[in-house]
Protein chains: 2
Amino acid sequence: MSTAFISEETLLSYGATFKKVNKGDLIFMEGGAACFYYQLVEGRVRWVNINEDGREFIQVMIEPGESFGEFPLFDDQPYAASAIADDDCVLLRLHKTNFHQMLRSNYDIHFNFTRLLVSRLRFKFLTLRELAYNNPEQRISTMLNYYKRLRGIEQKPCKLHLTRQQLADMTGLRVETVIRTIRTLHERGRLTIQRGKVFY
Amino acid sequence: MSTAFISEETLLSYGATFKKVNKGDLIFMEGGAACFYYQLVEGRVRWVNINEDGREFIQVMIEPGESFGEFPLFDDQPYAASAIADDDCVLLRLHKTNFHQMLRSNYDIHFNFTRLLVSRLRFKFLTLRELAYNNPEQRISTMLNYYKRLRGIEQKPCKLHLTRQQLADMTGLRVETVIRTIRTLHERGRLTIQRGKVFY
DNA sequence: TGTAAAATATGACCCCAATCATATTTACCC
DNA sequence: GGGTAAATATGATTGGGGTCATATTTTACA
């Protein structure tokens with residue numbers, strides 16, 4: 001997933017437009033209606049659920065080239081999660097109608113899109129099993145692993161830009177627990193930590 | 001999802017064949033290679049991950065008309081989970097090659113298939129958030145809710161054929177906890193329980 | 001350079017679900 | 001009908017992660 005999921009030229013040819021958003025901006029909100037396909041060009045986006053008490057659960061961390069918020073385009077249901085700019089971002093967005101036209105007229109794009117959904121589902125299958133049964137140590141390790149695999153990173157260790165809080169929001173743990181856990185993992189040489197970064 | 005996802009006639013016209021399996025039989029195994037698209041005609045299938053210690057995590061309970069095990073057909077990766085017959089079952093299976101031919105030649109089937117994946121992803125999004133943050137009571141209630149919604153059941157209460165153990169395997173809880181929790185939920189009139197059944 | 005905010009860190013306490021043991025009830029099937 | 005396995009039930013104990021309080025370090029930015 002290092003290159004764009006659908007090439008920028010293709011998206012532009014179907015009428016997509018660029019959009020800039022600032023760090024912390026809400027791109028769309030859980031429960032709202034959708035009319036755009038989004039693809040990230042630059043920056044990072046948190047695709048999250050926000051609880052009543054303000055806690056976040058990060059469903060997917062979106063990296064450049066990846067798409068997000070596509071569910072409503074297929075079933076006309078509201079967004080399943082909110083998208084928040086984790087950094088200053090540049091997005092490409094394509095209107096629903098044009099998106100469907102693109103799928104209909106291009107089998108390969110449609111097929112690749114299906115494949116993307118499959119890879120997201122695999123990720124969810126793995127995460128779910130992990131959350132259900134394992135302790136913080138395993139949860140964190142496996143989450144880092146899946147996170148790498150999801151975007152096809154092979155080398156080890158690699159630098160993942162995640163704060164302790166974000167790691168907590170991805171694993172359903174508390175910051176304090178994440179801090180304590182990655183410290184012991186670090187001491188055992190399983191990973192390296194820096195402020196805002198984890199090397200795994 | 002009360003009717004078949006792809007009609008039996010359509011599948012048969014593309015060369016699908018019927019297959020019978022007995023209760024408890026393994027239909028395919030996590031990690032194995034795939035060459036078939038499966039659709040359930042009769043019975044029930046548990047789509048599960050099995051831990052080293054033998055514990056199961058039920059990813060999806062498959063009901064008649066639903067498909068399962070499609071991931072490898074799109075990415076040539078191994079199965080993400082095992083399929084086990086929860087009852088005596090009748091399946092329809094279609095060879096990979098024919099499946100792809102079907103998608104290529106029929107846009108609507110392809111689109112509906114994508115939509116199915118989206119609905120599964122929504123289900124996973126919701127479950128994941130639930131597992132990450134909530135207590136047994138909420139986990140169970142929400143799981144029952146999502147389980148109903150996933151297959152479009154509207155009436156309330158409806159009879160769900162789930163044992164305490166299966167409910168535990170879906171929520172990552174222990175049987176004892178499920179038993180204690182649904183008892184209190186029952187006492188508070190939130191649901192009705194029977195042996196092997198939950199009315200919700 | 002100084003100040004505020006964000007991120008990281010650490011200790012003490014507690015609650016709740018896991019665990020273990022054991023019992024009872026219901027279904028199955030020869 | 002009787003024997004066996006599966007499902008359900010319940011009590012006692014415990015440990016691990018949540019919670020709360022507080023401190024330190026780093027970054028941002030005026």
Side-chain angles (χ1 to χ4, degrees), chain A residues 22-24 44 46 51-58 84-88 130-143 159-187 191-199, chain B residues 22-24 44 46 51-58 84-88 130-143 159-187 191-199:
Chain A
N22 299 317
K23 181 173 178 170
R44 235 153 67 115
R46 297 199 304 276
N51 275 9
E52 316 78 52
D53 59 2
R55 284 192 73 185
E56 289 191 0
F57 180 75
I58 301 180
I84 300 174
D86 200 54
D87 266 318
D88 290 349
E130 205 59 30
L131 275 201
Y133 292 145
N134 290 335
N135 58 30
E137 214 165 287
Q138 291 170 294
R139 280 202 215 185
I140 293 174
S141 306
T142 328
M143 178 60 75
K159 195 198 297 181
L160 300 169
H161 295 261
L162 295 167
T163 65
R164 316 283 186 274
Q165 184 62 59
Q166 288 175 341
L167 215 39
D169 292 342
M170 292 167 84
T171 51
L173 299 168
R174 292 289 177 168
V175 210
E176 298 94 325
T177 309
V178 169
I179 287 170
R180 286 183 242 259
T181 309
I182 62 177
R183 174 152 287 270
T184 48
L185 284 172
H186 176 71
E187 278 159 11
L191 48 75
T192 313
I193 51 177
Q194 273 186 13
R195 189 187 169 89
K197 283 167 197 138
V198 185
F199 292 81
Chain B
N22 299 318
K23 182 175 177 168
R44 236 154 67 117
R46 295 199 304 276
N51 274 12
E52 318 77 51
D53 60 1
R55 283 191 75 185
E56 289 190 1
F57 181 75
I58 302 180
I84 300 174
D86 201 55
D87 267 316
D88 291 347
E130 205 60 30
L131 275 201
Y133 292 145
N134 290 334
N135 58 30
E137 213 165 288
Q138 290 170 295
R139 281 203 214 183
I140 292 174
S141 306
T142 328
M143 178 60 74
K159 196 198 294 179
L160 300 170
H161 294 261
L162 295 167
T163 65
R164 315 284 187 273
Q165 183 62 59
Q166 288 175 339
L167 215 39
D169 293 342
M170 293 168 81
T171 51
L173 299 167
R174 292 289 177 169
V175 209
E176 298 94 324
T177 309
V178 169
I179 287 170
R180 285 183 242 259
T181 309
I182 60 176
R183 174 152 287 270
T184 47
L185 284 172
H186 176 72
E187 279 160 10
L191 48 74
T192 314
I193 52 177
Q194 273 186 13
R195 189 187 169 90
K197 282 168 199 138
V198 185
F199 293 81

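Within every chain, numbering begins at 1; the chains are lettered A, B, ... in the order of the sequence lines, protein sequences first and strands thereafter.
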Nearest-Å distance for atom pair CG/P, residues D86(A) and dA6(C): 14 Å
Length of the CZ-P vector between R139(B) and dC16(C), whole Å: 14 Å
Selection from dG11(C), dT10(D), dA17(C) that lies nearest to any side-chain heavy atom of P136(B): dA17(C)
Side-chain (D53(B)) to main-chain (R55(B)) donor-acceptor, under 3.5 angstrom: yes
Atom-to-atom span, NE2 of H161(B) to C1' of dA7(D) - whole angstrom: 16 Å
For the student: nearest non-hydrogen atoms of R164(B) and V178(B), plus distance: O-CG1, 3.7 Å
Non-hydrogen atoms of R46(B) and D86(B) that approach each other most closely: NH1-OD1, 2.5 Å
Selection from dG18(D), dT25(C), dT10(C) that lies nearest to any side-chain heavy atom of I179(A): dT10(C)
dT10(C) OP1/OP2 closer than 4.0 Å to side-chain N/O of R183(A): yes
Phosphate contact (dT19(D) OP1 or OP2) by R174(A) side-chain N/O below 4.0 Å: yes
Atom pair distance, as rounded to whole Å: CG in L131(B) and P in dG17(D): 16 Å
For atom CD of E176(B) and atom C1' of dA6(D), their distance in whole Å: 15 Å
Whole angstrom value for the distance that separates C1' of dT27(D) from CD of Q194(A): 14 Å
Gap separating the OG1 atom of T184(B) from the CG atom of L191(B), nearest 0.5 angstrom: 8.5 Å
Residue whose closest nucleotide on DNA chain D lies nearer the 5' end, T163(B) versus L173(A): T163(B)
Closest listed nucleotide, where the reference is the side chain of R180(A) and the choices are dG11(C), dT25(C), dT26(D): dG11(C)
Per R195(B) side chain, nearest of listed nucleotides dA6(C), dT19(D), dT8(D): dT8(D)
Nucleotide dC16(C), atom P - distance to CD of Q138(B) in whole Å: 13 Å
Whole angstrom value for the distance that separates C1' of dC28(C) from CG of D88(B): 14 Å
Backbone N/O of K23(B) and side chain of D88(B): donor-acceptor pair under 3.5 Å: yes
Sugar-phosphate, base or nothing in reach of R164(B), heavy atoms under 4.0 Å: sugar-phosphate
side-chain N/O T177(B) vs dA18(C) OP1/OP2, d < 4.0 Å: yes
